[in-house]
Protein chains: 2
Amino acid sequence: MKTIKYSKQREAIRAFLCGNRSHPTADEVYEAIRRQFPNISLGTVYRNLNLLSECGDIRKLSYTAGPDHFDYDTSDHYHFVCRDCGRVYDMPSICLPELNREAGAEAPGVIDSHELVFYGICRDCLAKGEKKASGE
Amino acid sequence: MKTIKYSKQREAIRAFLCGNRSHPTADEVYEAIRRQFPNISLGTVYRNLNLLSECGDIRKLSYTAGPDHFDYDTSDHYHFVCRDCGRVYDMPSICLPELNREAGAEAPGVIDSHELVFYGICRDCLAKGEKKASGE
DNA sequence: ATCAATAACAGTAATGATTACTGTTATCAA
DNA sequence: TTGATAACAGTAATCATTACTGTTATTGAT
């Protein structure tokens, strides 16, 4: 069987994610970790992000067009995606654990999970939009 | 302003999607349309799929890892994605129109829509899995 | 402590999905 | 009929991600 060996690069990636409110992409993690490990390779970041998500320490969010985002919070929760800037925000309160069971009857197979994503424009981009509109 | 001109390639793509129960990827559309237009280019398929989804005639489903899928059914409905084969199925009955309003309070911006995706293993893949397991 | 076995690394090449570019053809309003 | 230009086929480029390769680091067993 395949044992997992310690690596300081992986621990740095884990620490960065856990200390971070946002949901960075692989590239954003890469840019941040580079300050600590200037020679780290993007492949190493991807390999470790996949390792961590496979063993359940982090979550990989694949539901936006564009790059995947990574979330240190593995508890059940949903997200809000800004159509403008692509940033991913938490929606901490809302929770619908009964959905899998309710939807089971009409599903064409066995449901093991679901994702709920809200789309819209975040406050940051709304503010920028207004500024731009009033300026013209 | 930019006017849209008729093209038989685009109408063939539209017709293929509308007459299709599945949610094909750009490549699947390409392979199907090629029987009718042997020289059609994959770029043309992408351009028209994007055009059709921009003007609201079809829906682009970007929430699976891997290629996007396209849906001629633009009415509000959710989907089931098989983790094994990647196929996208409709979940026609379930509908939660009040979610946008309910979630609005805790959203970091303005919600305009949401997507709900169920993940699991479809009956086809369950059957294959059982066959394989019993054969060994 | 030393020593293989091998996981992880940095660096780079390859892949898959999608978009952009280029010169030519088809549509359509005047 | 014609001129403007949208759409085309073909191809090159881009972006996100994975795979490969030779080297380095970790680790369990001597």
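For the numbers below, each heavy atom of this structure counts, side chains included, while hydrogens, waters and symmetry mates do not.
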What is the nucleic acid contact for A:Ile40, judged by heavy atoms within less than 4.0 Å: base, sugar-phosphate only, or nothing? sugar-phosphate
Among D:dC8, D:dA9, C:dC9, which nucleotide has an atom closest to any side-chain atom of B:Arg47? D:dC8
Report the nucleotide, chosen from D:dT5, D:dT18, D:dC8, that has the shortest atom-to-atom distance to any side-chain atom of B:Lys5. D:dT5
Quick one: on DNA chain C, does B:His69 or B:Ser7 contact a more 5' nucleotide (nearest heavy atom)? B:His69
Rounded off to whole Å, could you give me the CD1-to-C1' distance for the A:Ile4 and C:dC9 pair? 15 Å
Looking only at side-chain atoms of A:Tyr46, point me to the closest of D:dT17, D:dC8, C:dA8. D:dT17
I'd like to know if the side chain of A:Asp27 pairs up with that of A:Thr25 as donor and acceptor (distance under 3.5 Å, no hydrogens or angles considered). no
Lys/Arg-Asp/Glu bridge criterion (N-O < 4.0 Å) met for A:Arg83, B:Asp112: yes
Below 4.5 Å, heavy atoms only, C-beta onward: do A:Val81 and A:His69 meet side chain to side chain? no
Is B:Asp27 touching bases, backbone alone, or none of the nucleic acid, heavy atoms closer than 4.0 Å? nothing
Where the side chain of B:Asn50 is concerned, which of D:dA9, C:dT19, D:dT26 is the nearest nucleotide? C:dT19
Touch check for B:Leu42, heavy atoms < 4.0 angstrom, all strands: base, sugar-phosphate only, or nothing? base
Hey, does the side chain of A:Gln9 come within less than 4.0 Å of D:dA25's phosphate (OP1/OP2), counting only N and O? no
Sugar-phosphate only, base, or nothing, as touched by B:Tyr6 at under 4.0 Å among non-hydrogen atoms: sugar-phosphate
At under 4.0 Å between heavy atoms, what does B:Thr25 touch on the DNA or RNA strands: base, sugar-phosphate, or nothing? nothing
When you get a sec, tell me which of D:dT18, C:dC9, D:dG10 is the closest nucleotide to the side chain of A:Lys60? D:dT18
Is the closest side-chain donor-acceptor distance between A:Thr44 and A:Gln9 under 3.5 Å? no
Touch class at under 4.0 angstrom, heavy-atom based, for B:Arg10 against every strand present: sugar-phosphate
Aromatic ring proximity A:His114/A:Tyr78, centre distance under 6.0 Å: yes
Between A:Phe37 (CZ) and C:dA10 (P), how many Å, whole number? 9 Å
